[in-house]
Amino acid sequence: MNKEQNKFKRYTVTSALPYANGPIHIGHLAGVYIPADIYCRYLRSVGEDVIFIGGSDEHGVPITIKARQQGVAPQDIVDKYHKIIKKSFKDFGISFDVYSRTSAKIHHETAQEFFKNLYDKGEFIERTAKNYYDEKENQFLADRYITGTCPHCDYEKAYGDQCENCGTSLSPTELINPKSALSGNVPVLRDTKHWYLPLDKYESWLREWIVEGHKDDWKPNVYGQCKSWIDLGLKPRAVTRDLNWGVEVPVEGAKGKVIYVWFDAPIGYISATKEWAKETGKDWKPYWKSEDSKLVHFIGKDNIVFHCIIFPSILKKEGSYILPDNVPANEFLNLENDKISTSRNWAVWLHEYLEEFPGKQDVLRYVLTANAPETKDNDFTWKDFQAKNNNELLAIFGNFVNRTIVLTHKYFAGKVPALSNLDEIDKAVINELKTFPDKVASSLGKYRFREAQAQMMNLARLGNKYLTETEPWKQIKTDENRVKTILNISLQICGNLSILCEPFLPFTADKLSKMLNLSKLKWKDAGNENILKSGHQLEKPAYLFEKIEDKAIEEQVQKLLDTKKENAANEVKVNPAKEDVNFDDFSKLDIRTGTIIEAEKVPKTKKLLKLKIDTGIDQRTVVSGIAEYYKAEEIIGKKVSILVNLAPKKLRGIESNGMILMAENEQGELCFVSPTQDFRNGSEVK
RNA sequence: UGCGGGGUGGAGCAGUGGUAGCUCGUUGGGCUCAUAACCCAAAGGUCGUAAGUUCGAAUCUUACCCCCGCUACCA
């Protein structure tokens with residue numbers, strides 16, 4: 001990173017704005033906030049001019065859905081979570097210079113200014129299209145607010161954007177029998193005008209900037225994703241929506257429309273900077289508009305396209321802004337082998353952790369950094385959490401500091417003893433000590449936080465080894481000067497640790513500095529073997545880390561097991577009965593008993609089996625989406641119920657004549673609805 | 001389906017053509033200043049599968065398998 005110090009005068013570091021429909025969990029922390037915080041703390045220690053930006057993303061459809069579910073206003077939802085999120089970040093030591101929110105006035109103004117600017121320049125395309133409108137609720141319906149029957153698989157509860165049964169992406173107009181999720185009404189199509197950002201026109205400069213310009217310095221996952229998007233061809237993207245929650249579109253003829261969240265959210269970084277400038281009396285502009293500022297976006301992998309393609313396009317077209325120098329996106333973190341999920345409550349929530357493990361912020365920071373999903377998805381387990389605390393933080397770091405300070409108090413009344421003649425081993429250790437700051441800094445400059453943290457820990461390992469090899473507790477009997485030298489050097493290592501660990505373990509750094517009776521040292525002081533002068537008085541030793549007992553871990557595991565149980569219990573809710581049909585309608589269905597006589601997997605599909613069924617009437621081919629639950633060879637000979645007069649349909653090029661009746665539970669698991677006795681094939685089901 | 005990322009000893013990772021390395025765990029030994037912590041040593045891997053290029057492949061090529069994302073704005 002040293003070279004860059006010449007190139008950049010200041011750093012603008014953003015962390016993805018958490019969506020304000022839930023609290024913060026370990027996935028957010030490991031993916032975005034901890035690495036960003038480490039980076040910023042390091043830069044500050046080096047003495048760089050850096051602003052670290054965060055804030056809540058408070059617009060968008062999901063928040064309106066949640067508000068409606070709970071019968072409150074969207075503002076109530078975001079107020080609630082913004083407060084929780086902001087506090088938990090603060091208590092956890094995420095060192096934002098500003099934590100703002102997109103419902104703030106300054107943000108609405110900034111986003112509108114941006115929109116107006118691009119609008120006036122004629123950057124947007126205007127298109128009028130027909131969208132579904134709910135006449136009862138007097139509003140246009142977001143894709144997600146429309147349900148209907150999927151045209152591909154006949155699933156009746158498909159959403160306007162996707163069918164969750166067959167996984168196909170849909171547009172609302174493809175749905176058969178669309179219904180408004182708000183009122184249950186049948187929506188009507190109405191013309192509505194929207195503005196689009198013509199990303200297709202930006203392809204050539206994006207290609208030059210990313211594909212050629214950032215081939216070597218962006219992470220493979222980020223670069224690969226961007227290249228793929230650009231190669232496939234970009235399409236215009238709508239920047240407005242028909243919704244009553246968000247930043248109003250500031251042009252004529254846009255009543256009842258708001259700026260689409262993905263357009264307004266990243267602008268939140270800029271509005272937050274303005275807010276910070278106002279509070280501190282500084283100028284925000286250099287951080288965003290000066291070529292000698294380095295802009296870095298910390299995000300998760302799901303945000304790559306927005307931060308690498310769309311937001312830079314907006315900045316570029318506005319004209320006066322700088323582009324990100326790097327976008328170090330992390331992959332995802334799982335929890336105990338399962339995807340983290342807000343809606344399923346499958347998470348370790350930060351605000352709960354802070355209450356249940358008071359004073360242990362650094363333990364979580366350490367574990368999440370050591371396990372950070374930098375190159376691929378990773379897993380957080382409580383057992384690993386315990387092991388990393390007990391076997392690494394405590395055993396290596398905490399123990400080294402403790403034994404050094406305890407010995408100093410024991411032999412020299414807590415005063416730093418003087419160095420005398422250096423042996424070979426002393427010189428070797430001092431020389432090695434000097435290499436650490438650069439090693440850690442070099443890894444940080446490459447956004448390799450795991451590696452950087454491991455380097456820092458190696459310094460503590462060096463200390464333990466040094467003590468064991470020099471054995472001051474034996475030397476004290478014969479050679480006190482020798483012990484003075486050994487402890488002096490050991491204490492210098494402790495002093496260095498307090499500096500090097502600060503970006504990773506800020507609370508520990510603070511405790512350690514106090515124990516060493518040092519005022520806040522900076523990065524430039526590290527690598528020095530004379531941080532603590534001889535005669536300097538130390539404070540009494542205190543443990544930096546405590547052992548985490550099995551009981552605490554078992555409680556957390558039990559909490560997760562309870563969540564699983566609760567989820568299972570919630571899932572037994574049964575859908576209400578559908579509308580009545582008369583007997584004539586029912587008797588149109590011809591359902592028979594039959595036997596599966598052949599079965600094979602349809603190649604290159606996940607779910608489909610090609611079956612041959614003896615229906616009593618004939619032997620026919622049926623394609624059925626059950627391969628995830630039944631293996632072909634297991635179901636040959638199985639008795640089934642089959643709808644025989646369903647119109648034929650081609651699936652993957654194979655004509656399917658009929659449908660096997662299956663029951664489906666809330667997990668989507670399937671089970672045959674079969675005759676319980678060996679009934680003759682072709683018997684009618686009535 | 002396509003595209004992108006990943007698949008390395010029990011766990012987490014490094015390693016882009018030349019004898020497979022690190023941390024934790026395990027086993028044995030040493031030490032006793034230290035929160036049974038520390039230090040040393042050992043065991044443990046046919047580097048997802050198969051074929052190919054090469055004197056030589058974890059590393060390059062091709063095919064396939066598995067996990068995750070793009071694809072419920074949950075990082």
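All values below come from the heavy atoms of this structure, side chains included, with hydrogens, waters and symmetry mates left out. A, B, ... follow the sequence lines: proteins, then strands. Residue 1 opens every chain. What you are looking at is a predicted structure, and each value in this text was computed from that prediction instead of being measured.
- Counting any heavy atom pair closer than 4.0 Å across all strands shown, A/Phe545 reaches a base atom.
- A centroid separation of 6.0 Å or more is found between the aromatic rings of A/Phe504 and A/Phe397.
- For the P atom pair drawn from B/G56 and B/A41, the interatomic distance equals 36 Å after rounding to whole Å.
- At a threshold of 4.0 Å, the pair A/Asp264-A/Arg241 does not count as salt-bridged, since none of the basic side-chain nitrogens sits closer than that to a carboxylate oxygen.
- For the OP1/OP2 pair of B/C24 and a distance below 4.0 Å, the side-chain nitrogens and oxygens of A/Arg461 include at least one atom meeting the criterion.
- Between A/His25 and A/Tyr353, the distance from one ring center to the other does not fall under 6.0 angstrom.
- Proximity note for A/Trp473 (side chain, C-beta onward) versus B/G69, B/U32, B/C24: the nearest is B/U32.
- Take the nearest nucleotide of RNA chain B for A/Tyr223 and for A/Glu469: the residue whose nucleotide is more 5' is A/Tyr223.
- Heavy atoms of A/Lys388 sit nowhere under 4.0 angstrom from any nucleic acid atom.
- Residue A/Gly22 is classed as having no contact, given no heavy-atom separation below 4.0 Å to the nucleic acid.
- The partner of B/C3 is B/G69, by the rule that a Watson-Crick or G-U pair needs both atom distances under 3.5 Å.
- Look at B/U23: its Watson-Crick or wobble partner, with both distances under 3.5 angstrom, is B/A11.
- Using a 4.0 Å heavy-atom cutoff across all strands shown, A/Asn303 reaches sugar-phosphate atoms only and no base atom.
- Across B/U46 and B/G10, the matching P atoms stand 9 Å from one another, rounded to whole Å.
- Ring pair A/Tyr33/A/Phe92: centre-to-centre distance not below 6.0 Å.
- Of the side-chain N and O atoms in A/Arg448, one or more sit less than 4.0 angstrom from OP1 or OP2 of B/G15.
- Between A/Arg403 and the phosphate of B/U32, there is no side-chain N or O to OP1/OP2 separation shorter than 4.0 Å.
- To the nearest whole angstrom, the two C1' atoms, one in B/C22 and one in B/G15, are 10 Å apart.
- Taking a cutoff of 4.0 Å between a charged side-chain nitrogen and a carboxylate oxygen, A/Arg101 and A/Glu58 qualify as a salt bridge.
- Closest contact between the side chain of A/Gln225 and the listed nucleotides B/A75, B/G4, B/C31 involves B/G4.
- Residue A/Lys474 has a polar side-chain atom (N or O) positioned under 4.0 Å from OP1 or OP2 of B/U32.
- A sub-4.0 Å separation between OP1 or OP2 of B/G25 and a side-chain N or O of A/Asn391 is present.
- Looking at heavy-atom distances under 4.0 Å, A/Pro472 makes no contact with the nucleic acid at all.
- Heavy atoms of A/Ser341 sit under 4.0 angstrom from at least one base atom.
- Remark: B/G44 base-pairs with no nucleotide; criterion is Watson-Crick or G-U wobble with both hydrogen-bond distances under 3.5 Å.
- Within the 4.0 angstrom heavy-atom criterion, only backbone atoms of the sugar-phosphate kind lie near A/Ile299; the bases stay farther away.
- Within the nucleic acid shown, A/Lys410 comes within 4.0 Å of sugar-phosphate atoms alone, with no base atom in reach, counting heavy atoms only.
- Contact annotation for A/Ile486: no contact, since no heavy-atom pair falls under 4.0 Å across all strands.
- Comparing B/A75, B/G69, B/G6 by their nearest atom to the side chain of A/Pro220 picks out B/G6.
- Looking at A/Val483 and A/Pro417, their side chains never come closer than 4.5 Å, going by heavy atoms from C-beta outward.
- Both distances falling under 3.5 Å, in either a Watson-Crick or a G-U wobble arrangement, occur for no nucleotide opposite B/A75.
- Taking only side-chain nitrogens and oxygens, A/Tyr19 never comes nearer than 4.0 Å to OP1 or OP2 of B/C74.
- For A/Lys219, the salt bridge (Lys or Arg N to Asp or Glu O under 4.0 Å) criterion is met by no residue, not counting sequence neighbours.
- Minimum interatomic distance between A/Ile84 and A/Pro23 (heavy atoms only, all atoms of both residues): CG2-CB, 4.1 Å.
- Looking at heavy-atom distances under 4.0 Å, A/Gly224 makes contact with sugar-phosphate atoms alone, never a base.
- The P atoms of B/U61 and B/G18 are separated by 16 Å, rounded to the nearest whole Å.
- Mapping A/Glu392 and A/Leu407 onto RNA chain B by nearest heavy atom places A/Glu392 closer to the 5' end of the strand.
- Here the closest heavy-atom approach between residue A/Asp57 and residue A/Ile63 is recorded as O-CD1, 4.1 Å.
- Shown here, B/C60 forms a base pair with B/G52; the pair counts as Watson-Crick or G-U wobble because both key distances fall under 3.5 Å.
- Residue A/Trp262 is classed as a base contact, given a heavy-atom separation below 4.0 Å to a base.
- For A/Glu331, whose side chain is taken as the heavy atoms from C-beta onward, the closest listed nucleotide among B/G69, B/C39, B/G5 is B/G5.
- Base contact: A/Leu333 has a heavy atom under 4.0 Å from a base atom.
- Other residues, nucleotides and ligands contribute only 12 or fewer heavy atoms inside 6.0 Å of the CD atom of A/Glu546.
- One finds no side-chain N or O of A/Lys301 lying less than 4.0 angstrom from the OP1 or OP2 phosphate oxygen of B/G6.
- Spacing between B/G25 and B/A11 at atom P, rounded to whole Å, works out to 15 Å.
- Ion pairing between A/Asp231 and A/Arg207 holds under the 4.0 Å rule for side-chain N and carboxylate O.
- A/Ala395 comes within contact range of the sugar-phosphate backbone alone, with a heavy-atom separation under 4.0 Å but no base atom that close.
- Shown for residues 374-382 of chain A: residues whose heavy atoms fall under 4.0 angstrom of RNA chain B, namely A/Thr375, A/Lys376, A/Asp377, A/Asn378.
- Close to B/A36, at under 4.0 Å from its OP1 or OP2, lies no side-chain N or O of A/Lys547.
- Base engagement by A/Asn399 is indicated by at least one non-hydrogen atom pair under 4.0 Å involving a base atom.
- Rounded to whole Å, the P atom of B/G9 lies 25 Å from the corresponding atom of B/G4.
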